[in-house]
Amino acid sequence: MSAAVRLTDQQKRERIARRIAQELRDGYYVNLGIGIPTMVSNYVPSHIDVTLQSENGMLGVGPYPVEGCEDPDIINAGKETVTELPGTSYFSSADSFAMIRGRHIDLSVLGAMEVDQNGDLANWMIPGKMVKGMGGAMDLVASGRRVIIAMEHTTKTGAPKILPKCTLPLTGIKVVDTIVTEMAVIKVTPEGLVLEEIAPDTTVDDVQKATAVKLIVKEPLKTMQL
Amino acid sequence: MNKVIASADEAVADVHDGATIMFGGFGLCGIPENLIAALVRNGAKNLRTIANNVGIDGYGTGSLLDAGQIASHTGSYVGENKLLEKLVLAGTLPLRLLPQGTLAEAIRAGGAGIPAFFTPTGVGTLVADGKEVREFDGRQFILERALTADFAIIKAWKGDRLGNLVYRKAARNFNPIMATAAAITIAEIEELVEPGEIDPDHIVTPGIYVHRLVVGERYEKRIERRTVQERAK
């Protein structure tokens, strides 16, 4: 049994967000999805400037407001109250998605239910069970810019989420660049899924057991810097 | 010219059974809450609604669903409405889900006289079923149709009697594009100003798109997810 199993859900989520924040570069425009992706903004290195885009029509998303200063007209795509920064701008939903499809966003970070070895992503629908809708996810992944998936390595019951082929309805085909979980950093390549980094409290065997696809282990294999 | 109508009830009085209606807003942010309440009172049935969301149970456009006034819905994310999920899973409410960017562009195109457009969004997914796929410069795109409506019911911040509108912050979202895409656009505003008071450079929706204007009687502006910073200890 791997040590990572002992992490609480919150610790897993923080770890994933912390690792993804290391992928940010100065000057990036970034869209963060709902859930773990939103937490990435807590770990932006202080020496770089990253501008967050929210697809409901806001560029330059600031932190949550202090209590009592919530403005119902300032929300992010998760409908959470947020704040403005100097230089924030607002625009319509059509302009927002022109920005996204037009490849102006450098990086999108999204959650996932399933990812497969082709980089196909499923994160919006469970037929017959859940009716929610894709929201902006399909547009974000269709832009062709870099997509990082932030997710727990397995389902709540321990079943792999990284599969030979997605079983749920797809959000996009060949769209995922990198998968970051509490156990590993995995890159999608034409040759297959490459295990680039593992967490300090796990082993290659543990990661492979939790993954339904044979991983190509990169040499030298790095340890996730947390 | 004066497009101001005395009351929300009067502004929606001719919304008829079977009408196709676009509603502005993202979640509960920037929704025309006074006009929606008036439409519940109006009682028009079999409405075909187009909106990003269906509010939440019992509030926003969700109150139209509760009242049994919605016959079908087109949107991108409806995850906050349990009744809608129940009706869709039971097969009693036709729901058409579009990617949010496709929904927005379809409305923009509808208002701009463009009948259809190619988008990369949804290639290889359920969204592409039955749609023409064409390759441009080595990438695949799907053909999506524009959307228009009988009525657009939207929310702005300030407006003048000519129908010129400005929005406030993220409450803009779908409102300005929907204003362009309907035969009749009904806008509710928080504050009525004199023509000329809004700097012409700042007007987002020019009055040509707006047919009726109502000053909202009261604004609840309910917050869907109140998130705050942890206080420093």
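Just so you know, these numbers come straight off a predicted model, no measurement behind them. The sequence lines fix the lettering, A, B, ..., with proteins before strands; numbering per chain opens at 1. FYI, side chains are in, hydrogens and waters are out, and symmetry mates aren't considered; it's all heavy atoms of this structure.
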Pick one of side chain, backbone, both or neither for A:T88, based on which atoms fall under 4.5 Å of a heavy atom in chain B. neither
Using every non-hydrogen atom in the two residues, find where B:L97 and A:W124 come nearest and quote the distance to one decimal. CD1-CZ3, 3.9 Å
Of the listed residues (A:S89, A:G78, A:A137), which shares the most heavy-atom pairs with chain B below a 4.5 Å separation? A:G78
Could you tell me whether a side-chain N or O of A:D139 sits under 3.5 Å from a main-chain N or O of B:G101, the two making a donor and an acceptor? yes
If one checks every heavy atom of B:V78 against chain A at 4.5 Å, the contacting part turns out to be both
In terms of heavy-atom proximity below 4.5 Å to chain A, should B:P120 be classed as side chain, backbone, both, or neither? both
Given a strict heavy-atom distance threshold of 4.5 Å, which part of B:N53 is in contact with chain A: side chain, backbone, both, or neither? side chain
Side chain, backbone, both or neither of B:T102 within contact of chain A (heavy atoms, under 4.5 Å): both
So CG of B:L126 and CE of A:M138: to nearest 0.5 Å the spacing works out to 7.0 Å
Portion of B:R168 that has a non-hydrogen atom of chain A nearer than 4.5 angstrom: both
For B:V127, which atoms come within 4.5 Å of any heavy atom of chain A: side chain, backbone, both, or neither? side chain
From B:R222, B:K221, B:K169, residue fulfilling salt bridge (charged side-chain N to carboxylate O under 4.0 Å, His left out) relative to A:D73: B:K221
Taking the side chain from B:Q229 and the backbone from A:Y64, do they hold a donor-acceptor pair closer than 3.5 Å? yes
Measure B:R108 against the heavy atoms of chain A and call it side chain, backbone, both or neither at under 4.5 Å. side chain
Any donor-acceptor N/O pair, A:R101 side chain to B:T121 backbone, under 3.5 Å: no
Would a distance-only check, ignoring hydrogens and angles, find a side-chain to backbone donor-acceptor pair under 3.5 Å from B:T227 to A:T81? yes
Which atom pair, heavy atoms only, marks the closest approach of A:V131 to B:L89? CG2-CD2, 3.6 Å
Is B:L28 close to A:K79 at the side-chain level, that is, under 4.5 Å between some pair of heavy atoms? no
